[in-house]
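Please read the structure below before turning to the comments.
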Amino acid sequence: MPSLELFSMGFLDSITSQYGFRVVTNNIGYFLGGAGYTIFITAVSVAIGMVLGLFAGLGKLTSNKLFYFLSTAYIDFFRGTPLFVQIFLLYFGILPFIYDNDPVSSAIIALGLNSGAYIGEIVRAGIQAVDVGQMEAARSLGMNQRQAMTYVILPQAFKIVIPPLINEFIALLKDSSLVSAISVAELMHRGDLVFANTYQATWVFGAIAVIYFIITKTISIIGDHVERRLATD
Amino acid sequence: MIRVVNLHKSFGQLHVLRGVNFSVAPSEVVCVIGPSGSGKSTLLRCINQLESANSGHVYIDGEELTHPKTDINQIRQQVGMVFQLFNLFPHKTTLENITLAPIKIKGVDRSTAEKLAMELLGKVGLTDKAHVYPNKLSGGQKQRVAIARALAMQPKVMLFDEPTSALDPEMVGEVLAVMQDLALEGMTMVVVTHEMGFAREVGDRVVFMDEGVIMEEGSPEDIFNNPCNPRTQAFLSKVL
């Protein structure tokens with residue numbers, strides 16, 4: 001009765017299990033492939049989120065009522081409901097009526113829309129953190145609103161938002177594990193499959209956690225580097 | 001050059017400008033003095049429409065800025081402004097601060113813009129600071145760069161909003177000297193200031209404001225030596 005033996009195994013037995021170690025080493029290529037998927041999905045979602053977030057953030061600061069309303073409604077909805085629900089709603093409930101949707105593109109759309117809402121708030125805060133004197137100086141030189149934003153305000157806001165943006169990238173990368181539920185073959189999903197076949201929870205999910213950590217740590221190191229390079233003082 | 005007619009401006013309940021009438025002739029240097037909260041800076045900011053007035057009219061060179069059809073950006077290019085807190089662009093070097101607007105708005109090519117910028121830096125005595133960022137400059141140097149930046153648009157008028165009020169005392173002189181040179185070259189200037197010495201020496205005319213109106217105006221000698229209005233007398237007795 002192997003199943004009985006399985007459940008009687010203690011934590012110490014579990015982490016010292018040579019079988020568990022072999023499960024990880026045998027599947028490491030498979031896991032890393034999943035990590036590649038995770039990075040790809042996150043990167044594309046972040047790119048979409050940045051564009052949406054820039055518009056949503058500007059929308060929250062504009063005097064144009066329609067643009068303001070759309071941005072606020074968008075941010076409120078995607079910040080106010082669980083990402084997990086959004087993924088299911090889009091994958092099963094909305095996207096099938098728009099196109100012949102597959103898990104990967106649905107995941108990217110859900111994560112992109114969700115991160116756009118958070119990035120929108122980051123962008124808004126970043127723009128507001130730039131001293132009002134900067135806008136006045138730019139306008140007094142004869143720049144219109146758009147020129148002042150492009151050449152004076154946004155470059156300074158960009159520097160301010162790097163730390164919260166890096167935070168958002170990391171959060172999104174971790175949250176991308178939720179799309180395993182719609183069977184996107186990313187890192188978490190592959191961990192889940194290997195676990196289901198081997199029952200080596202400690203080893204398998206431990207390895208998955210380490211891989212996630214290595215990726216997020218790398219992002220934060222890159223973020224620090226960018227921040228240092230942009231510093232003028 | 002500048003004409004302000006019956007200008008009113010309120011911030012909520014606060015009635016800051018209560019019917020200001022005022023004009024500046026070409027090449028004239030007008031110094032606006034008065035206690036804090038008297039509306040001096042608001043008047044200046046209404047002239048280039050950084051604040052929009054509630055009622056009244058502002059004309060520069062015959063064009064009405066307060067008219068809704070006026071292209072305000074076009075006119076602002078001809079009206080330089082220098083701020084109390086400098087407002088240099090911290091992400092740009094001194095040279096880039098000066099060339100940004102000419103290149104991006106006027107479409108001047110980079111080398112021409114940089115040549116003009118270097119000339120202006122020479123004029124304010126900061127040629128050696130062309131490639132440093134603003135945070136490496138002292139307050140007086142920042143303000144001189146800010147003046148050069150405004151001049152790079154080749155304005156017809158320069159507005160100064162308390163340009164030396166945020167400076168350490170030893171740096172006030174260098175900024176005032178640059179402004180004096182500018183006045184001698186015939187620039188039309190409106191200077192809101194607490195520097196009575198500058199107003200007396202460089203001003204063609206001194207305007208005393210209090211409680212949102214112009215209480216008294218005249219030549220520096222008249223205002224400083226024989227003020228008629230009791231408010232002016234009271235103010236000057238405190239600051240001189």
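All chains are named by letter (A, B, ...) in the order of the sequence lines, taking the proteins before the strands, and each is independently numbered beginning at 1.
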Atom [atom1] of [X] with >12 non-hydrogen neighbours under 6.0 angstrom:
X	atom1	answer
Tyr37(A)	OH	no
Tyr59(B)	OH	yes
Phe205(A)	CZ	yes
Phe92(A)	CZ	yes
Tyr68(A)	OH	no
Asp109(B)	CG	yes
Tyr30(A)	OH	yes
Lys115(B)	NZ	no

Looking only at heavy atoms, which two atoms of [X] and [Y] are closest? And how far apart?
X	Y	result
Ala137(A)	Arg149(B)	CB-NH2, 3.4 Å
Gln156(A)	Pro90(B)	OE1-CG, 3.2 Å
Gly142(A)	Gln77(B)	CA-CG, 3.8 Å

Sub-4.5 Å side-chain heavy-atom contact between Phe89(B) and Pro155(A): no

Min side-chain heavy-atom separation Arg45(B)-Glu136(A) under 4.5 Å: yes

Interatomic spacing from [atom1] in [X] to [atom2] in [Y] - rounded to 0.5 Å:
X	Y	atom1	atom2	result
Met135(A)	Asn87(B)	CE	CG	12.5 Å
Ile153(A)	His91(B)	CD1	NE2	8.5 Å
Gln147(A)	Ile105(B)	CD	CD1	5.5 Å
Gln49(B)	Ser140(A)	CD	OG	13.5 Å
Leu141(A)	Met81(B)	CG	CE	11.0 Å

Atom group of Asp131(A) that falls short of 4.5 Å from chain B, counting heavy atoms: side chain

Toward chain A, the part of Ile75(B) with a non-hydrogen atom under 4.5 Å: neither

Max heavy-atom pair count under 4.5 Å with chain A, selected residue of Leu85(B), Val79(B), Leu100(B): Leu100(B)

Residue, of Asn48(B), Thr93(B), Leu50(B), Asp71(B), that accumulates the most heavy atom pairs under 4.5 Å with chain A: Leu50(B)

Evaluation steps, side chain to side chain donor-acceptor pair (under 3.5 Å), between Arg139(A) and Asn73(B): CA-CA 7 Å; Arg139(A) 298 304 301 269; Asn73(B) 299 315; 3.3 Å; yes

